[in-house]
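Working notes, beginning with the structure itself.
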Amino acid sequence: MLGSDGGYWERHLVTGETWYSDNFLRLVGLPPEARREDMHALIHPEDRPAFDRHYAAAVQRIGPFEVDLRCRRADGSYRWARLQARVWPDATGRPERVIGMVSDVHDERVATSATRRSGRSR
């Protein structure tokens, strides 16, 4: 898993402890000492409500979620990323952990958008 192109993360919902793989930090452009708040600050303001909605729904139903969002890079530009994660329960059935991955889907999103625009202009 850690040898793939994706970046992985895990959050313990009870303690708040969060872990990010090196590739996750590289993909989103954060330093090793990054905190959860640092990651959230990179999410494009227009994409934050969708992220919050998907995350909260997954915690409530203890299941998977997926959302595409734009992450701000160090130079101020944004790149599209796909966040896929699952909430896992503890032994009593309460939500305990969220484990997920992020992958760069910028080229895919840009190409899809260009295709849609060219189809509308005909």
Side-chain angles (χ1 to χ4, degrees):
M1 174 172 84
L2 293 176
S4 74
D5 288 340
Y8 296 89
W9 60 279
E10 181 175 340
R11 177 167 169 74
H12 192 281
L13 295 170
V14 177
T15 67
E17 185 178 347
T18 305
W19 168 84
Y20 300 109
S21 71
D22 291 341
N23 204 37
F24 179 97
L25 296 170
R26 183 188 61 73
L27 282 168
V28 299
L30 286 174
E33 65 275 5
R35 299 179 327 269
R36 184 173 189 245
E37 298 80 25
D38 300 325
M39 174 54 208
H40 285 197
L42 298 179
I43 299 173
H44 192 285
E46 293 175 7
D47 300 335
R48 185 60 193 266
F51 169 80
D52 290 341
R53 191 172 52 252
H54 287 288
Y55 187 95
V59 170
Q60 183 178 2
R61 71 177 184 280
I62 306 178
F65 72 100
E66 180 177 312
V67 63
D68 285 2
L69 47 81
R70 292 163 287 180
C71 289
R72 188 179 68 244
R73 306 295 296 171
D75 66 3
S77 67
Y78 283 89
R79 285 191 68 85
W80 282 101
R82 179 164 296 134
L83 181 68
Q84 297 171 298
R86 174 178 284 280
V87 176
W88 297 93
D90 65 10
T92 67
R94 290 190 206 120
E96 180 182 40
R97 295 185 183 276
V98 182
I99 301 172
M101 74 167 284
V102 65
S103 54
D104 185 314
V105 294
H106 188 78
D107 294 340
E108 172 189 331
R109 290 294 301 245
V110 169
T112 300
S113 179
T115 300
R116 285 185 187 138
R117 281 194 309 274
S118 70
R120 282 184 277 191
S121 63
R122 292 181 182 186

Going only through I, L, V, M, F, W and Y residues with side-chain contacts under 4.5 Å, is there a path from [X] to [Y]?
X: Leu42; Y: Leu25; result: yes
X: Tyr78; Y: Phe51; result: no
X: Leu69; Y: Met101; result: no
X: Val67; Y: Ile43; result: yes
X: Trp80; Y: Met39; result: no

Spacing of [X] atom [atom1] and [Y] atom [atom2] [to the nearest 0.5 Å]:
X: Leu83; Y: Tyr55; atom1: CG; atom2: OH; result: 9.5 Å
X: Arg97; Y: Leu13; atom1: CZ; atom2: CG; result: 9.0 Å
X: Arg72; Y: Asp47; atom1: CZ; atom2: CG; result: 12.5 Å
X: His106; Y: Leu27; atom1: NE2; atom2: CG; result: 13.5 Å

Quiz item: Can we say Asp22 and Arg26 salt-bridge, meaning some charged N sits less than 4.0 Å from an Asp/Glu carboxylate O?
Solution: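 No.
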
Side chains of residues 56-66: which donor-acceptor pairs under 3.5 Å do they make with residues two or more places apart or in other chains?
residue	atom	partner	partner atom	Å
Arg61	NH1	Ala57	O	3.2
Arg61	NH2	Pro64	O	2.3
Glu66	OE1	Gln84	NE2	3.0

Self-check item: Intermediate values then yes/no, side chain to side chain contact (heavy atoms under 4.5 Å, CB included), Ile99 and Tyr8
Solution: CA-CA 8 Å; Ile99 301 172; Tyr8 296 89; over 6 Å; no

Quiz item: Hey, does Arg109 have a side-chain heavy atom less than 4.5 Å from the side chain of Arg79?
Solution: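 Side-chain contact under 4.5 Å: no.
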
Practice problem: Might you point out which heavy atoms bring Pro49 and Pro45 nearest each other, and give the distance in Å? | Solution: CD-O, 3.4 Å

Quiz item: Tyr20 vs Phe24 aromatic rings, parallel, tilted or perpendicular, using cut-offs 30° and 60°?
Solution: parallel

Exercise. With side chain to side chain donor-acceptor pair (under 3.5 Å) as the test, would you mind laying out the steps for Asn23 and Ser21 before giving the verdict?
Key: CA-CA 5 Å; Asn23 204 37; Ser21 71; 5.9 Å; no

Self-check item: Test salt bridge (Lys or Arg N to Asp or Glu O under 4.0 Å) applied to Arg86 - qualifying residues, sequence neighbours left out
Solution: none

Self-check item: Heavy-atom neighbours of Arg94 CZ exceed 12 at 6.0 Å
Solution: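 It does not: Arg94 CZ has 12 such atoms or fewer within range.
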
